[in-house]
Amino acid sequence: MSHIPPKKIIKERKEQFLTDSGIEIKATYPPVNQVVEEPGEFPFTRGVHEGMYRSRLWTMRQYAGFSTAEESNKRYHYLLQQGTSGLSVAFDLPTQIGYDSDHDFAEGEVGKVGVAIDSIRDMETLFAGIELQKISTSMTINATGFILLALYIAVARRQGADLSQIRGTIQNDILKEYAARGTYIYPPKASMRIITDIFEYCSKELPRWNTISISGYHIREAGSTAVQELAFTLANGKAYLKAAQKVGLDINVFAKRLSFFFNAHNNFFEEVAKFRAARRMWAKMTKDLGATDEKAMKLRFHTQTGGSTLTAQQPLNNVSRVTLQALAAVLGGTQSLHTNGYDEALSLPTEEAAKIALRTQQVIGFESGVTDTVDPLAGSYFVENLTNEVERAAWAYIEKIDAMGGSVQAIEEGYMQEEIARSAYQYQQDIESGEKILVGVNKFTTEGDKKIPLLKIDDSIRQIQTKKLDVLRAERDSAKVAACLKEIEARAKDGRNLMPAVVEAVDNEATLGEVSNVLRGVFGEFLG
């Protein structure tokens, strides 16, 4: 009889190794019993396209927008010259919550966290010299997403563009605003009505436009775990599917124009597993809700590296963090990607920081070799097991939400908010106790970090925007604007689709704040 020596006990660094979602990581993993699945095949664990990056790299977007439309337009031209392949627009807070720049509530916020857009004149300036028919544009906007989309359509028409060829995305994900971010205006049911109006309108007028980017990004930024980000995002997606079906839309048509927006954090393999699990779960979810066309079952997503992971201390360390996060997104099969500037814990990114962030994507895409084969981590015992574990944990959350009656009910009861807050608190506790190490923050710190140049926006931007509004109101046809706003009000009351009237209104130089206020009068405001 052969003698089998006892297994050697190895002293490990920790008593237990966990992902950021609390999933235990074992020292080694056995082979996984699984059906062999090819990329581009249901349920799309290995990717939504057969060739993935061998056919075409992801869209390299850089999120930009600050100050005035003139200043942001200069940044867009700079990024396009540097090789970015899609634009991604950040709007200031007043624009996000439906106030013109001269409103009292806008004071101190105009142009600070994004570009100020009050009217079609601003929108035309924002895209001056950029042919909208030739570029894909993503707009991070929610409560006023329908107005910004209407402005984009109106500008495209003025450029003579074929609307059937216009490509891009509006975030338009109001449910996560109630759960995690807060830039909502109207009550949930009214907001869902606006979203389904957008679905219906775009299915006929803008067939290549992604009508919603169901966003886990801000859920994660608010402090959720990776599993919660995945579960709450897909639960919200399910709510949008059901809302669209309720008004008679065909899931095989409108689901093809839905996209997702995920975060990428530092726990590398958990992030890869999250993206792989997301595709598999969405495919099953859409099929269960009646989809028969596989294109309607494919989860396509944009990724942004984690803003909340960036540190103000030793900010150049953020270049390494962003690189790891971007690589996780690519190995997870993202369709487009934004990489944060290393200085964004301190200010909006400078041109230099934005260029380095874009170059990070280009190095991964053109130099690393990871794009030469599809889903290169497939078959890894660890990655396949972790994908299964993330999926199991996410389904458990979704089952709880379904039992409550779905996402809208879970948000109204505060369930998602409480779960996110609990995770955020635990994460902060782990940092303060030293259980979670942040390089340069609670370990490996240095005195007197080198100062880096910052981009600063001063309060004069509000004065500039106010003067523009004064000129606009003096020059436009006020009677025509009033008639357009009356039509929006009538449609809001009788249930007709709002979008045609909103496009007409903004094309006739109604302001964003005026359109928002008409609907405030009909729907009221949600106070949380």
Side-chain angles (χ1 to χ4, degrees), residues 19-21 23 25 32 34 37-61 213-217 219-220 224-234 237 259-284 297-306 309 321-340 360-361 363-365 368-394:
T19 71
D20 287 345
S21 297
I23 296 171
I25 302 172
V32 182
Q34 62 180 45
E37 179 191 322
E38 293 298 321
E41 290 183 358
F42 181 90
F44 314 110
T45 313
R46 301 194 61 196
V48 292
H49 302 299
E50 183 180 351
M52 287 302 288
Y53 307 133
R54 285 172 67 94
S55 302
R56 179 182 142 187
L57 294 184
W58 62 92
T59 301
M60 297 183 187
R61 296 190 189 278
S213 177
I214 304 162
S215 176
Y217 182 84
I219 291 172
R220 192 68 176 281
S224 81
T225 65
V227 165
Q228 288 170 337
E229 176 194 357
L230 174 58
F232 297 164
T233 304
L234 294 190
S259 65
F260 287 79
F261 175 22
F262 287 115
N263 211 316
H265 274 217
N266 292 329
N267 198 302
F268 185 83
F269 288 107
E270 183 174 43
E271 295 301 304
V272 173
K274 178 186 74 180
F275 299 132
R276 299 175 89 247
R279 280 191 293 272
R280 194 156 71 199
M281 293 174 72
W282 184 247
K284 293 173 183 175
M297 304 176 197
K298 291 181 177 182
L299 181 145
R300 295 163 296 111
F301 68 100
H302 169 71
T303 309
Q304 182 172 337
T305 56
T309 68
R321 293 186 178 100
V322 168
T323 301
L324 282 170
Q325 294 163 9
L327 184 58
V330 170
L331 291 176
T334 194
Q335 274 61 66
S336 73
L337 178 61
H338 164 82
T339 33
N340 289 327
T360 300
Q361 293 197 51
V363 168
I364 292 171
S368 71
V370 300
T371 59
D372 293 347
T373 188
V374 181
D375 193 18
L377 294 182
S380 156
Y381 300 158
F382 177 39
V383 171
E384 298 293 356
N385 272 283
L386 189 55
T387 300
N388 294 340
E389 287 294 316
V390 168
E391 181 180 2
R392 274 194 286 271

Point to revise | Results of side-chain hydrogen bond (donor to acceptor under 3.5 Å, both in side chains) for T303 - residues two or more places apart only | key: T334

Exercise for review: Report the residues that fulfil side-chain hydrogen bond (donor to acceptor under 3.5 Å, both in side chains) with W282, sequence neighbours left out, ordered by chain and then residue number.
Suggested key: none

Study note, to complete from the structure: Correct closest heavy-atom pair for P39 and V374 would be CG-CG1, 3.3 Å

Check your understanding: Which residue pairs pass the salt bridge (Lys or Arg N to Asp or Glu O under 4.0 Å) test when at least one of the two sits in residues 46-56, sequence neighbours left out?
Key -> R46-D375

Practice item. Report the distance from atom CE of M52 to atom CG of D372, rounding to the nearest 0.5 Å. Key: 13.5 Å

Review point. Does G332 offer a backbone N or O that forms a donor-acceptor pair with the side chain of K274 under 3.5 Å?
Key: no

Review point. How would you list, by chain and number, every residue that makes a side chain to side chain contact (heavy atoms under 4.5 Å, CB included) with V370, sequence neighbours excluded?
Key: L327, V330, L331, I364, S368

Exercise for review: Please examine the side chains of H302 and Y217, heavy atoms only from C-beta on, and report whether any two atoms are closer than 4.5 Å.
Suggested key: no

Point to revise | Q325 side chain to G306 backbone, donor-acceptor under 3.5 Å | key: yes

Review point. What is the minimum heavy-atom distance between R280 and N388, and which atoms define it?
Key: NH2-OD1, 2.8 Å

**Study point:** Partner set under salt bridge (Lys or Arg N to Asp or Glu O under 4.0 Å) for E270, not counting sequence neighbours
**Key:** none

Practice item. Apply side-chain hydrogen bond (donor to acceptor under 3.5 Å, both in side chains) to T323 and list each qualifying residue two or more places apart in sequence or on a separate chain. Key: none

Point to revise | Heavy-atom neighbours of F42 CZ exceed 12 at 6.0 Å | key: yes

Study note, to complete from the structure: Sorted by chain and residue number, the side chain to side chain contact (heavy atoms under 4.5 Å, CB included) partners of T373 (sequence neighbours excluded) come out as P376

Review point. Knowing that exactly one of Q304, Q228, E229 qualifies, which makes a side chain to side chain contact (heavy atoms under 4.5 Å, CB included) with R220?
Key: E229

Study note, to complete from the structure: Applying ring-ring contact (aromatic ring centres under 6.0 Å, His included) to F382 and not counting sequence neighbours gives Y29, F269

Check your understanding: So how far is it from I23 CD1 to T225 OG1, rounded to the nearest 0.5 Å?
Key -> 8.0 Å

**Study point:** Reference residue T305; test side chain to side chain donor-acceptor pair (under 3.5 Å); the match among N266, T360, N340
**Key:** N340

Study note, to complete from the structure: Taken in chain and number order and not counting sequence neighbours, the residues that satisfy ring-ring contact (aromatic ring centres under 6.0 Å, His included) with F301 are F262, F275

Practice item. For E389, enumerate each residue passing the salt bridge (Lys or Arg N to Asp or Glu O under 4.0 Å) test, keeping only those at least two apart in sequence or located in another chain. Key: R392

Exercise for review: Measure the spacing between CG of L234 and NZ of K284 and express it to the nearest 0.5 Å.
Suggested key: 12.0 Å

Revision key, fill the gap. Taking every heavy atom of R279 against every heavy atom of G333, the minimum-distance pair comes out as NH1-O, 3.7 Å

**Study point:** Nearest heavy-atom neighbours spanning L337 and A326
**Key:** CD2-CB, 3.9 Å

Check your understanding: In terms of side-chain heavy atoms, does R276 have a donor or acceptor partner in T387 at a distance below 3.5 Å?
Key -> yes

**Study point:** Residues which pass side chain to side chain contact (heavy atoms under 4.5 Å, CB included) with A394, listed by chain and number, not counting sequence neighbours
**Key:** V227, L230, A231, M281

**Study point:** Whether E271 side chain and H265 backbone form a donor-acceptor pair below 3.5 Å
**Key:** yes

Review point. In terms of side-chain heavy atoms, does N267 have a donor or acceptor partner in T19 at a distance below 3.5 Å?
Key: no

Exercise for review: Search all heavy atoms of A226 against all heavy atoms of S21 and return the closest pair with its distance.
Suggested key: N-OG, 3.2 Å

Point to revise | side chain to side chain contact (heavy atoms under 4.5 Å, CB included) partners of L57, counting only residues at least two apart | key: Y53, M60, F366, T371

Review point. Roughly how far, to the nearest 0.5 Å, is the OG atom of S259 from the NZ atom of K298?
Key: 15.0 Å

